[in-house]
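Here is the structure we will look at.
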Amino acid sequence: MANTPQPAKVSYFFGKGYTDLGNTIKESWARNIGSAADQFAIAREKGFFTIGGGMNLIAAISIFTFGSLITAFTTAAHIVVLFLFFAFIYIGFSLLWLIDRIYIMANKIKNACPNPDCQAPFLIPVYECPGCGVKHTKLVPGKYGILKRTCECGTKIPTTFLNGRGQLKAYCPECDTALSGDTASRQYAFPVIGGPSVGKTCFINMAIDQMLNEVAPARSWEMTFMSDNEEKNHELAMRSLKQGIRLMKTELNALTAYQLMLKLPNEKIGRRIYIYDISGEMFSSSGDVQNNLAYSYANGFIFIIDPLTLAQFAMEVEDKIDLNSYGASAKDFDDILNIMLINLEKMFGLKDKDTLKRNLAVVINKADVPTLEEKIGATAAQQYLADNAATCKNYESARDAVCRSFLEQYGAGNFVRTAEAKFKTVRYFTCSALGHNHEGQPYEGKNVVDPVMWLLQQSDSSIKPE
């Protein structure tokens, strides 16, 4: 792509400047030789051995000899001066290119394609000229311009994030999908993992709703959807949930990226938050998961567990609830974790003993199922905190402990050991994506935003716990 011709005018110092220098040198030498030739012609006309002709001949020789020396000296001086000036321009352009790269690295700016069929990560998108709509594939300081380049239509376009490149309309360089939001921002990607019917889509919509309407206002954040279409889809989903209507399952092979733009108070650099909803059926085989490039640049993962998948626990509560009404997942989450790890190890080239440098939020959903409050809910966590005050310092640690103990007690100890061996940090959460199990009554998610906030805090030091 570096050598791809751009629909822009080449800078004077990278093109016409050399042509003008060459033409100036040619003209100087042509005048010098032309003057000597004129004197020689006059001498021949008068006669070389006449007084007048002899003087013209001497003049021709002098012009050719001394004029060539002077022209050679002035030519060299001209070349040196111009090359020094050009070198200054080249150094300036190189420094600006480097500063732009340092700015990108210092602010952790990166981008990825939201198109589920692409998902490609990239540093600098393709940008559209605001004047004529033509696309520039490599909008960086270079031969087409240093601070700005001039499009063929005459529009001046910024070439760095420092002077406004991120505000231009952008596209994925791989598949040409239009990108939304400020591309001069940080990106955090969080895939939500889980089997069919664990409640991923409900969890995501409830978590996003709470972030937009509760967390953001409380922290004076500016948070919006980056896509009007996604905002409308979210509003439709929340309208259904508030009417007590459950959401449709995510389609097989579908990967939906919910894109949010977050701007913190007094910070220029925004955050692009991608929350990926992946169909549970995609974890039926390893090959299906390999197509999700979003795993390769994810900052952390949210792994949702349906407690009714635990056979011992399901048997314990089957006389208290209608298991079918809760839509118990039929997929063993231990298998899902193993399939996910196989693909992550391939993507990152990890060996069996290596640890993935990513965080994992394990979320036990459907906390409204009877008896779960006493086992892993706030009641259980507070009791654990009171009983272990010497070693357990806060509620979050207590919740972590009771959730881990619950999974081990009901036969998921292998899952716990595998997760904690393979990920940088594992934190356990409980939530109820719907709040209850009564069709027709408004659903209201409980504790759904906690895992997302924890992953954000782990990824970005500017986002502090309350």
Side-chain angles (χ1 to χ4, degrees), residues 1-27 78-79 81-115 118 120-187 226-227 261 268-270 272:
M1 188 178 288
N3 296 319
T4 304
Q6 299 293 300
K9 299 176 182 178
V10 176
S11 170
Y12 177 82
F13 301 104
F14 292 83
K16 194 171 183 298
Y18 292 108
T19 302
D20 287 349
L21 174 60
N23 289 336
T24 299
I25 293 172
K26 288 179 183 178
E27 186 177 347
H78 193 179
I79 290 173
V81 170
L82 277 181
F83 269 64
L84 286 173
F85 186 70
F86 279 18
F88 176 78
I89 296 297
Y90 274 63
I91 291 170
F93 126 70
S94 299
L95 283 175
L96 186 60
W97 184 92
L98 181 61
I99 289 170
D100 186 45
R101 283 299 190 273
I102 292 172
Y103 181 84
I104 290 170
M105 293 177 62
N107 290 289
K108 301 176 182 178
I109 294 171
K110 54 184 178 180
N111 291 278
C113 181
N115 181 353
C118 179
F122 47 87
L123 193 63
I124 299 175
V126 171
Y127 287 103
E128 182 179 288
C129 171
C132 66
V134 71
K135 293 175 181 176
H136 295 252
T137 58
K138 195 170 180 62
L139 192 55
V140 295
K143 70 176 185 178
Y144 294 99
I146 301 176
L147 274 172
K148 292 186 177 182
R149 74 166 51 168
T150 303
C151 180
E152 289 178 342
C153 72
T155 303
K156 300 284 187 180
I157 309 173
T159 61
T160 71
F161 284 135
L162 291 165
N163 65 337
R165 179 177 57 197
Q167 303 301 319
L168 299 172
K169 191 171 182 179
Y171 299 84
C172 170
E174 298 296 329
C175 71
D176 204 38
T177 294
L179 307 177
S180 302
D182 183 0
T183 53
S185 55
R186 299 178 186 177
Q187 175 186 288
M226 289 192 286
S227 163
M261 175 60 74
K268 181 179 179 182
I269 301 297
R272 299 159 65 93

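Given the structure is predicted, the values throughout are model-derived calculations rather than measurements.
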By side chain to side chain contact (heavy atoms under 4.5 Å, CB included), which residues pair with E152, not counting sequence neighbours?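 Listed in chain order: P7.
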
L162 CG to R165 CZ distance, which is reported to the nearest 0.5 Å: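 Going from the CG atom of L162 to the CZ atom of R165 covers 8.5 Å.
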
Could you tell me the separation between the OH atom of Y127 and the CZ atom of R149, rounded to the nearest 0.5 Å? 12.0 Å

Given side chain to side chain contact (heavy atoms under 4.5 Å, CB included), test C172 with N115 step by step and report yes or no. CA-CA 9 Å; C172 170; N115 181 353; over 6 Å; no

Please report the shortest heavy-atom distance between [X] and [Y], naming the atom on each side.
| X | Y | answer |
| --- | --- | --- |
| G131 | T155 | CA-OG1, 3.5 Å |
| E174 | C118 | CB-SG, 3.9 Å |
| A184 | F161 | CB-CD2, 3.3 Å |
| L139 | P158 | CD2-O, 3.3 Å |
| C151 | H136 | SG-NE2, 3.6 Å |
| T137 | Q6 | OG1-NE2, 2.8 Å |

Do [X] and [Y] make a side-chain contact, defined as non-hydrogen atoms from C-beta onward lying under 4.5 Å apart?
| X | Y | result |
| --- | --- | --- |
| L168 | P130 | yes |
| N163 | K148 | yes |
| P125 | Y171 | no |

Using atom types as modelled, flag every donor-acceptor pair under 3.5 Å from a side chain in residues 101-114 to any protein atom, sequence neighbours excluded.
unit_1	atom_1	unit_2	atom_2	d
N107	ND2	Y103	O	2.9
N111	ND2	L123	O	3.4
N111	ND2	T183	O	3.2

Whether T159 side chain and V140 backbone form a donor-acceptor pair below 3.5 Å: no

Is it true that a side-chain atom of R186 and a backbone atom of I269 form a donor plus acceptor pair closer than 3.5 Å? no

Residues in salt bridge (Lys or Arg N to Asp or Glu O under 4.0 Å) contact with K135, at least two apart in sequence or another chain: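 By the salt bridge (Lys or Arg N to Asp or Glu O under 4.0 Å) rule, K135 matches D176.
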
Using a distance-only test with no angle check, is there a side-chain donor-acceptor pair under 3.5 angstrom linking K156 and T150?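 Side-chain D/A pair, K156 to T150: present.
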
Before you tell me yes or no, could you show the steps for M261 and D182 under side chain to side chain contact (heavy atoms under 4.5 Å, CB included), namely the whole-Å CA-CA distance, both residues' side-chain angles and the distance that decides it to 0.1 Å? CA-CA 8 Å; M261 175 60 74; D182 183 0; 4.0 Å; yes

D100 vs T160, side chain to side chain donor-acceptor pair (under 3.5 Å): CA-CA, chis, key distance, verdict: CA-CA 6 Å; D100 186 45; T160 71; 4.5 Å; no

